[in-house]
Chemist: 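First the structure, then my questions, so here it is.
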Protein chains: 2
Amino acid sequence: MVATSTTSARLSVRQRGNSRPPATRFDKRLGQILAHATDVFCKKGYEGASMRDLSRASGMSLAGLYYYFQSKERLLFLIQKHTFTTIVERLKVRLEGVNDAEQRIRIFILNHLEYFLSNQAAMKVLSHEDDALKNGFALEVAAIKREYYRICVGLLDELKRERGLQFSTRIAVLSLFGMMNWIYTWHNPRVDADADELARQMSEMFLRGVMNGARTRR
Amino acid sequence: MVATSTTSARLSVRQRGNSRPPATRFDKRLGQILAHATDVFCKKGYEGASMRDLSRASGMSLAGLYYYFQSKERLLFLIQKHTFTTIVERLKVRLEGVNDAEQRIRIFILNHLEYFLSNQAAMKVLSHEDDALKNGFALEVAAIKREYYRICVGLLDELKRERGLQFSTRIAVLSLFGMMNWIYTWHNPRVDADADELARQMSEMFLRGVMNGARTRR
DNA sequence: ACTGAGTTCGAACGAACGTTCGAATGAGTC
DNA sequence: GACTCATTCGAACGTTCGTTCGAACTCAGT
């Protein structure tokens with residue numbers, strides 16, 4: 001019944017080509033709910049968080065939430081898709097016009113860590129709940145993830161070709177992701193360095209690890 | 001009532017000093033249940049797995065399970081504690097008699113990856129559900145984790161002193177854990193190398209990353 | 001003041017959750 | 001066979017889960 005109605009929830013889908021939708025009241029409120037839901041998912045996990053938790057956190061009634069999305073699973077999907085899309089978009093902008101392979105990898109790492117640390121909750125939900133979705137939802141998120149992965153593979157292959165290096169790109173990329181994504185389990189802003197400094201240290205370590213004796217240049 | 005009874009569930013606690021308890025029928029059965037539960041937790045997550053799932057997987061009735069442990073949370077605790085204790089024990093044995101700092105780090109990595117890959121389910125539960133426990137349970141697991149972490153810090157500090165290196169031990173250790181623990185998200189036994197080969201590649205990469213220009217020796 | 005679409009909510013739905021209890025089995029000793 | 005523990009189970013407990021429904025509210029345009 002509701003699924004076939006003309007309720008405005010269905011209008012939240014972005015139009016093709018419109019990179020900036022006309023932030024309506026609906027979209028704004030949805031954004032707030034997504035933000036609160038992200039915090040709750042981060043603290044209690046997707047399965048551990050109840051719709052009543054989300055209701056309490058966002059200050060909206062339980063039933064009211066369902067005006068903005070069709071199901072709890074779809075809510076997680078919206079969060080993951082938005083977060084992942086944003087990080088890929090930012091990366092592409094930052095990579096434009098930079099040609100040196102090593103520098104491009106440094107940018108990749110900095111972009112990832114910067115976004116990770118300023119959106120820790122969202123990124124934890126992204127890293128931690130990556131197999132909580134099913135079927136269609138899972139496929140769509142997996143597609144964005146694969147694109148992001150492929151970009152990184154491309155950067156490393158550039159470096160290999162440019163410097164004539166030999167190593168397993170797959171293991172290098174996945175190790176790099178491991179280093180970066182693990183951060184949500186330990187980073188404490190009062191003790192640990194900020195994104196710039198962390199990115200510098202991890203880049204240094206990773207690049208040295210991947211280059212056979214060749215000096216890294218900064 | 002049950003908590004104060006003389007039910008044999010209370011006898012499963014190890015006696016002090018007995019490193020090998022007298023594998024009774026009870027302990028055997030408990031072990032089987034833990035193994036099945038580990039698989040289920042791995043597939044569906046701790047919160048996502050229901051006691052009825054565990055019942056189905058272990059072939060024992062719902063009520064029957066409670067003869068072997070007091071609660072679902074305690075079950076997760078038993079799994080985590082056993083897994084973590086085992087990996088630390090094995091590491092200590094392997095490190096005995098090896099004095100070279102670099103070689104000790106290679107052993108650490110190999111031990112971790114070997115155990116990780118041959119007990120993937122258990123290690124995923126350990127990595128993924130590390131904040132699912134509360135209060136007392138969480139503290140006890142955290143204590144073992146801290147010991148394991150400190151061992152690794154010690155190994156890296158040895159290396160730094162022996163070679164006169166300079167880097168942040170904390171970031172190096174946590175990056176190494178990230179590389180290694182991330183494996184559960186990607187390792188495919190039909191495509192990827194085995195533990196020996198992976199450990200060799202990761203050790204090579206990590207050690208080169210941490211040593212300033214100094215050659216690694218194998 | 002009235003309309004109509006957009007937004008919110010209280011109350012309830014059936015299902016699934018973790019856990020308990022008392023009775024029924026099983027195995028080993030007299 | 002009878003006694004004793006250890007083990008297992010069906011059936012139910014009260015609670016919480018995700019979701020739905022219809023009624024109410026808000027507010028811009030008349």
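Each chain gets a letter, A, B and so on, in the order the sequences are listed, and its residues count up from 1. FYI, side chains are in, hydrogens and waters are out, and symmetry mates aren't considered; it's all heavy atoms of this structure. Note that this is a predicted model, so its numbers are computed, not measured.
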Chemist: Tell me whether the side-chain N/O atoms of B:R29 come closer than 4.0 Å to OP1 or OP2 in D:dT8.
Modeler: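 For D:dT8, OP1 or OP2 has a side-chain N or O of B:R29 closer than 4.0 Å.
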Chemist: Quickly work out the B:R74 CZ to C:dT19 C1' distance and round it to whole Å.
Modeler: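 Going from B:R74 (CZ) to C:dT19 (C1'), I get 16 Å.
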Chemist: Does the ring of B:F167 carry B:K160 above it, NZ/CZ under 6.0 angstrom from centre and within 45° of its axis?
Modeler: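 Flagged: B:K160 positioned over aromatic ring of B:F167.
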Chemist: In whole Å, what is the span from the CD atom of B:E47 to the C1' atom of C:dG18?
Modeler: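 Taking CD of B:E47 and C1' of C:dG18, I get 12 Å after rounding.
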Chemist: Using atom CG of A:L30 as one end and atom C1' of C:dT7 as the other, report the distance to the nearest whole Å.
Modeler: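 Atom-to-atom, A:L30 to C:dT7, this comes out as 14 Å.
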Chemist: Quick check on C:dT7: is either OP1 or OP2 less than 4.0 Å from any side-chain nitrogen or oxygen of A:Y68?
Modeler: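 Checking A:Y68 against C:dT7: no side-chain N or O falls below 4.0 Å of OP1 or OP2.
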Chemist: Whole angstrom is fine here: how far is it from NZ in B:K28 over to P in D:dA6?
Modeler: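 Whole-Å distance recorded here is 19 Å.
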Chemist: Taking the minimum atom-to-atom distance to the side chain of B:M51, which one of D:dG18, C:dT19, D:dT8 wins?
Modeler: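 Nearest to the side chain of B:M51 among the choices is C:dT19.
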Chemist: Could you go through the side chain to side chain contact (heavy atoms under 4.5 Å, CB included) check for B:M180 and B:F116 one step at a time?
Modeler: CA-CA 9 Å; B:M180 296 192 300; B:F116 212 121; 5.5 Å; no
Chemist: Counting heavy atoms from C-beta on, name the nucleotide in C:dT7, D:dT7, D:dC17 closest to the side chain of A:S50.
Modeler: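 My answer, after comparing the listed nucleotides, is D:dC17.
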Chemist: Would you tabulate the pairs of protein nitrogen or oxygen atoms and nucleotide nitrogen or oxygen atoms of nucleotides 9-15 of chain C closer than 3.5 angstrom?
Modeler:
residue: C:dC9; atom: OP2; partner: A:S61; partner atom: N; Å: 2.8
residue: C:dC9; atom: OP2; partner: A:S61; partner atom: OG; Å: 3.3

Chemist: Between C:dG6, D:dG18, C:dT19, which one does the side chain of A:K72 approach most closely?
Modeler: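 From the listed options, D:dG18 comes nearest.
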Chemist: Which whole-number value in Å describes the distance from B:Y66 OH to C:dG22 P?
Modeler: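 For the pair B:Y66 OH and C:dG22 P, the rounded distance is 18 Å.
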Chemist: Can you measure A:D27 atom CG to C:dG6 atom C1' for me and round it to whole angstrom units?
Modeler: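 Going from CG in A:D27 over to C1' in C:dG6 covers 14 Å.
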Chemist: Salt bridge or not between B:D192 and A:R170? Use side-chain N to carboxylate O under 4.0 Å.
Modeler: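 Yes, this pair counts.
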Chemist: Does C:dT8 have its OP1 or OP2 closer than 4.0 Å to a side-chain nitrogen or oxygen of A:Y67?
Modeler: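 So the side chain of A:Y67 is outside the cut-off, no N or O lying under 4.0 Å from OP1 or OP2 of C:dT8.
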Chemist: Could you check whether A:K72 makes a cation-pi contact with A:Y66, meaning its NZ or CZ is under 6.0 Å from the centre of the six-membered ring and within 45° of the ring axis?
Modeler: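 Because its charged atom misses either the 6.0 Å distance or the 45° angle limit, A:K72 does not stack over A:Y66.
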Chemist: Is the shortest distance from a Lys or Arg side-chain nitrogen in A:R94 or A:E114 to a carboxylate oxygen in the other one below 4.0 Å?
Modeler: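 Salt bridge between A:R94 and A:E114, a charged N being under 4.0 Å from a carboxylate O: yes.
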Chemist: Without decimals, in angstroms, what is the distance between A:L76 CG and D:dG18 C1'?
Modeler: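 So the CG-C1' distance, A:L76 to D:dG18, works out to 15 Å.
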Chemist: What class does the angle between the rings of B:Y148 and B:F177 fall in, given that below 30° is parallel, 30 to 60° is tilted and above 60° is perpendicular?
Modeler: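 Because their plane-to-plane angle lies in the 30° to 60° range, the rings of B:Y148 and B:F177 count as tilted.
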Chemist: Do A:E197 and A:R200 meet the salt-bridge criterion of a basic N to acidic O distance under 4.0 Å?
Modeler: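 Here A:R200 pairs with A:E197 in a salt bridge, since their nearest N and O are under 4.0 Å apart.
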Chemist: Could you tell me how far apart B:D53 (CG) and C:dC17 (P) are, to the nearest whole angstrom?
Modeler: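 Taking CG of B:D53 and P of C:dC17, I get 6 Å after rounding.
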